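Keep in mind it's a predicted model, so treat the numbers as computed, not measured. All values below were derived from every heavy atom in this structure, side-chain atoms included, with hydrogens, water molecules and symmetry-related copies excluded.
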Amino acid sequence: GADAVRIHDMEPEPVPKRQQDGYYAAVGVGFVNLDQRGVGVRMPLGFKYVSNRLRLIGSANVLDLSFLEGDDRDPRYYRPFPNSSLCADSQTGFRVASYRCSGGTNVLAAASADLSYVIADEVWISNQPGKLFAGLGYRSAKPQTAYGTLGIFFDQPGRTAGGFKLMVGEGYIAFGLL
């Protein structure tokens, strides 16, 4: 015969949680939108501290790089239609490679730091428990601004730590993986 098991009789599997505080070298990648400079790619490099006892997550990005489209475009090359990938040479009238119509890449360097409080210690995404956090931070330059953070951090024992983070300040919006 078949044995029936009632759901409330089953013991849930314990979720492994890191008991000690964590210190991490951190790298991230994501998108950034800077007023008057446009949209680009962001790559922060720094350190992260996670205090399970105090429910705090601190980040210090020693080098916060933003890669944005430059403005040193050669006027010889143009786009004949707005929002088109077609690029033409004004002297010959022929189509040329699309990169000729771009302005190159500007790299902006800054430093940033933030401190967040863990609002919920166990938020499940797929089969991974994460920490939902929110806090405040400061960016040193380009633009120099205070910002708010909201994100999820995954920190299971025996695994690589990581997460998602949204930052919003005056003239500054960034989202990415860390």
Side-chain angles (χ1 to χ4, degrees), residues 17-18 20-73 79 82-85 98-99 101-157 159-178:
K17 288 189 178 180
R18 190 177 304 274
Q20 303 88 8
D21 292 350
Y23 302 90
Y24 304 95
V27 64
V29 66
F31 299 99
V32 65
N33 186 352
L34 304 175
D35 278 357
Q36 301 172 356
R37 295 180 192 245
V39 177
V41 175
R42 175 179 178 257
M43 193 170 106
L45 305 165
F47 304 96
K48 184 171 285 302
Y49 170 69
V50 179
S51 173
N52 290 313
R53 184 176 50 88
L54 299 174
R55 298 177 64 113
L56 295 175
I57 298 177
S59 297
N61 296 310
V62 179
L63 194 56
D64 195 341
L65 300 173
S66 299
F67 300 91
L68 306 163
E69 184 174 359
D71 55 3
D72 58 348
R73 188 178 65 81
R79 296 199 187 276
N83 299 323
S84 167
S85 62
S98 184
Y99 75 86
C101 285
S102 75
T105 302
N106 286 344
V107 179
L108 303 176
S112 62
D114 54 67
L115 184 63
S116 300
Y117 180 74
V118 176
I119 299 168
D121 196 35
E122 198 173 299
V123 175
W124 287 86
I125 295 185
S126 183
N127 64 345
Q128 301 294 318
K131 300 173 187 295
L132 178 67
F133 63 87
L136 297 172
Y138 185 77
R139 181 177 167 94
S140 68
K142 303 173 188 174
Q144 183 176 356
T145 184
Y147 60 86
T149 65
L150 181 65
I152 296 179
F153 186 67
F154 302 98
D155 186 20
Q156 290 186 4
R159 296 200 176 174
T160 302
F164 306 93
K165 189 176 190 179
L166 172 69
M167 293 151 288
V168 178
E170 186 177 339
Y172 173 72
I173 297 173
F175 178 76
L177 301 170
L178 41 114

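Taking the side chain as every heavy atom from C-beta outward, Leu68 and Leu34 approach each other to under 4.5 Å. Side-chain atoms of Phe133 and Leu150, non-hydrogen and from C-beta on, never get closer than 4.5 Å to each other. Residues Ile125 and Phe154 form a side-chain contact, since some pair of their non-hydrogen atoms from C-beta on lies under 4.5 Å apart. A 4.5 Å side-chain heavy-atom check between Tyr172 and Val32 finds at least one atom pair inside the cut-off. Under the 4.5 Å side-chain criterion, counting only non-hydrogen atoms from C-beta, Tyr147 is not in contact with Leu136. When side chains are defined from C-beta on, Ser59 counts as touching Lys165, because their heavy atoms get closer than 4.5 Å. The shortest distance between side-chain heavy atoms of Glu69 and Ser102 falls below 4.5 Å. Taking 4.5 Å as the limit, some side-chain heavy atom of Leu65 sits within range of a side-chain heavy atom of Val107.
The backbone N or O of Glu170 sits less than 3.5 Å from a side-chain atom of Thr145, completing a donor-acceptor pair. Remark: the backbone N or O of Gln20 is paired with a side-chain donor or acceptor of Asn52 at under 3.5 angstrom. Between the Arg42 side chain and the Val29 main chain, no donor and acceptor come within less than 3.5 Å of each other.
Taking a 6.0 Å sphere around CZ of Phe47, one finds it holds 12 or fewer heavy atoms contributed by other residues, nucleotides or ligands. For Phe164, the CZ atom is loosely surrounded, since the number of other residues' heavy atoms within 6.0 Å does not exceed 12.
For Phe175 and Phe31, the gap between ring centers reaches or exceeds 6.0 Å.
Annotation: cation-pi geometry satisfied between Lys48 and Phe153 (NZ/CZ under 6.0 angstrom from ring centroid, within 45° of ring axis).
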request  = Show your reasoning for whether side-chain contact (heavy atoms from CB on, under 4.5 Å) applies to Met167 and Arg139.
outcome  = CA-CA 10 Å; Met167 293 151 288; Arg139 181 177 167 94; over 6 Å; no
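Ser112 and Asp64 share a donor-acceptor pair across their side chains, judged by distance under 3.5 Å alone. Defined by atom type and a distance below 3.5 Å, a donor-acceptor pair is missing between the side-chain atoms of Ser98 and Ser85.
Smallest separation of non-hydrogen atoms from Ala161 and Asp155: CB-OD1, 4.0 Å. Minimum interatomic distance between Val50 and Tyr24 (heavy atoms only, all atoms of both residues): CG2-CE1, 3.8 Å. Listed here is the closest heavy atom pair of Asp21 and Ser51: OD1-CA, 3.4 Å. Contact detail for Ala141 and Ala110: the closest heavy-atom pair is O-CB, 3.3 Å. Smallest separation of non-hydrogen atoms from Ser116 and Thr149: OG-OG1, 3.0 Å. When all heavy atoms of Pro129 and Glu122 are compared, the pair lying nearest together is CB-CG, 4.0 Å.
Annotation: the span from Ile152 atom CD1 to Leu132 atom CG amounts to 5.5 Å, rounded to 0.5 Å.
Lys131 pairs by the salt bridge (charged side-chain N to carboxylate O under 4.0 Å, His left out) definition with Asp121, not counting sequence neighbours.
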